[in-house]
Amino acid sequence: MTPPQNSLPPGNIPLAFFRETALGFDPLPLAAGAWSPDSVNGPAVCGLLARSLEIEHCPDGFTPARLTVDLFRLTARRSVSVRTTVVRSGNRIRVADAELVQDEVTVARASAVFLRRSEQPPGDLWTRGDVPAPPPAELLGATGMPLWGSDGHPDGWTHELVEHQNGSRKRCWQTPVPVVLGRPASAFAAAATIGESASLMTNWGSAGVGFINADLTMALTRAVQGTAIGVEADSHLSLDGIAVGSATLFDRAGSFGTCVVTALANAERQVDFAEDRFAAMRSGQV
């Protein structure tokens, strides 16, 4: 989960998650996690793995169609590296795996499917009728400045995170920061960064967030159009401390993907955005 920010960070904070080095990637302040400031947040991890898989294994004529990320260890705010391997290199399907390594230990892993673009088959198909609606253009903020929305808020969209801490359906809209400093984010890396917010959108209730996601699976039918990406919750199911959430990814052209997350209860470290300890996050002072 990204540390929520309602304004751009101070000018001395780099607007990216990582700085690339000769040995790997060093986390920057925006990579700090909400569960622990000494950890790297999920969007940064997902974005970095997606970026590496796309650069190394997505040839011309193919498009990223699916990314699954397993977040099974805490990633500390120390240098990390990414190792990738080819699983299948076919004419229409390419599959590759990646590991995020820290101190010689794998802390997260991912797999990606890249598909060759072709012609649509004939026939009519059912699809979801109600498409998520982007916020009004006049509300848009700069890169890294999210808008928050919920069915329970009278105005729908605002820049104030805590105003949407309620029991209704959630959504967010944001132009993501680059994964690596000085390198523009690709559409795939940007979608992975924002897609991880499916956990926040589906597990955030009236008392805050009490589930920490163990994974993300993102499936895309096309690349994002424009720079801003929205995530709207579709469902939350939970029992005995295990949750499953699904969400839709959308831009101003419509829906372009889905995300599914599984999560574990983490009530002893509940993230209640109304608490004083999150005041800096609410004001962007992180």
Side-chain angles (χ1 to χ4, degrees), residues 1-5 7-58 64 67-85 96-112 142-146 174-200 212-213 215-216 218 224 227-229 280-281 284-286:
M1 183 174 65
T2 305
Q5 297 154 24
S7 63
L8 290 175
N12 60 338
I13 295 181
L15 200 61
F17 289 129
F18 297 94
R19 177 181 286 110
E20 191 167 10
T21 70
L23 299 178
F25 303 91
D26 289 343
L28 296 170
L30 287 183
W35 299 103
S36 167
D38 297 323
S39 67
V40 174
N41 62 58
V45 170
C46 292
L48 183 59
L49 288 167
R51 176 184 183 271
S52 299
L53 284 164
E54 182 180 25
I55 288 174
E56 297 181 25
H57 301 289
C58 185
L67 174 75
T68 296
V69 180
D70 295 319
L71 303 164
F72 48 79
R73 282 195 176 93
L74 189 72
T75 302
R77 285 180 63 190
R78 300 193 304 274
S79 181
V80 297
S81 61
V82 180
R83 297 192 298 235
T84 70
T85 56
D97 291 345
E99 293 179 297
L100 190 70
V101 180
Q102 189 168 64
D103 301 328
E104 300 301 319
V105 175
T106 299
V107 295
R109 67 181 182 185
S111 66
T143 299
M145 187 181 202
Q174 185 177 1
T175 296
V177 301
V179 176
V180 176
L181 188 65
R183 307 288 178 88
S186 70
F188 184 45
T193 299
I194 299 300
E196 199 273 348
S197 296
S199 178
L200 175 58
I212 183 169
N213 61 312
D215 60 19
L216 164 72
M218 178 180 72
V224 61
T227 58
I229 300 172
M281 288 183 180
Q285 303 302 307
V286 294

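Everything numeric here is computed off the predicted structure, so don't read it as measured data. Numbers here are sequence positions counted from 1. Only heavy atoms go into these numbers, but all of them, side chains included; no hydrogens, no water, no symmetry mates.
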Spatial distance of atom [atom1] ([X]) from atom [atom2] ([Y]) [nearest 0.5 Å]:
{"X": "Thr193", "Y": "Phe188", "atom1": "OG1", "atom2": "CZ", "result": "10.5 Å"}
{"X": "Ser79", "Y": "Asp26", "atom1": "OG", "atom2": "CG", "result": "4.5 Å"}
{"X": "Ser197", "Y": "Leu216", "atom1": "OG", "atom2": "CG", "result": "9.5 Å"}

Not counting sequence neighbours, which residues clear salt bridge (charged side-chain N to carboxylate O under 4.0 Å, His left out) with [X]? List them please.
{"X": "Arg183", "answer": "Glu20"}
{"X": "Arg109", "answer": "Asp70"}
{"X": "Arg83", "answer": "Glu99"}

If you look at every heavy atom in [X] and [Y], which pair is closest and at what distance?
{"X": "Val69", "Y": "Ala110", "result": "CG2-CB, 4.0 Å"}
{"X": "Ala185", "Y": "Pro178", "result": "CB-CA, 4.1 Å"}
{"X": "Thr106", "Y": "Phe72", "result": "O-CE1, 3.3 Å"}
{"X": "Leu30", "Y": "Ala16", "result": "CB-O, 3.6 Å"}
{"X": "Pro29", "Y": "Pro14", "result": "CD-CD, 4.3 Å"}
{"X": "Ala32", "Y": "Arg77", "result": "CB-NH1, 3.6 Å"}

(request) Please determine, by modelled atom types, if Glu196 and Asn213 share a side-chain donor-acceptor pair under 3.5 angstrom. (result)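 The criterion, which ignores hydrogens and geometry beyond distance, is satisfied for Asn213 and Glu196.
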(request) Please test Asp215 against Thr68 for side-chain contact (heavy atoms from CB on, under 4.5 Å), starting from the C-alpha separation and ending with a verdict. (result) CA-CA 7 Å; Asp215 60 19; Thr68 296; 5.5 Å; no
(message) Taking side chain to side chain donor-acceptor pair (under 3.5 Å) as the definition, give me every residue that meets it alongside Arg78, ordered by chain and number, with sequence neighbours left out.
(response) Asp103
(request) Applying side chain to side chain donor-acceptor pair (under 3.5 Å), name anything that partners Ser39, two or more places apart in sequence or on another chain. (result)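 Ser39: no side chain to side chain donor-acceptor pair (under 3.5 Å) contacts found.
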For [X], check side chain to side chain contact (heavy atoms under 4.5 Å, CB included) against everything at least two apart and list the hits.
{"X": "Thr75", "result": "Val40, Val45, Val80, Leu100, Gln102, Val107"}
{"X": "Ala189", "result": "Arg51, Val179, Ser186"}
{"X": "Asp38", "result": "Ser36"}
{"X": "Thr84", "result": "Ser52, Leu53, Glu56, His57, Val82, Ala98"}

(request) Given side-chain contact (heavy atoms from CB on, under 4.5 Å), test Leu48 with Phe17 step by step and report yes or no. (result) CA-CA 9 Å; Leu48 183 59; Phe17 289 129; over 6 Å; no
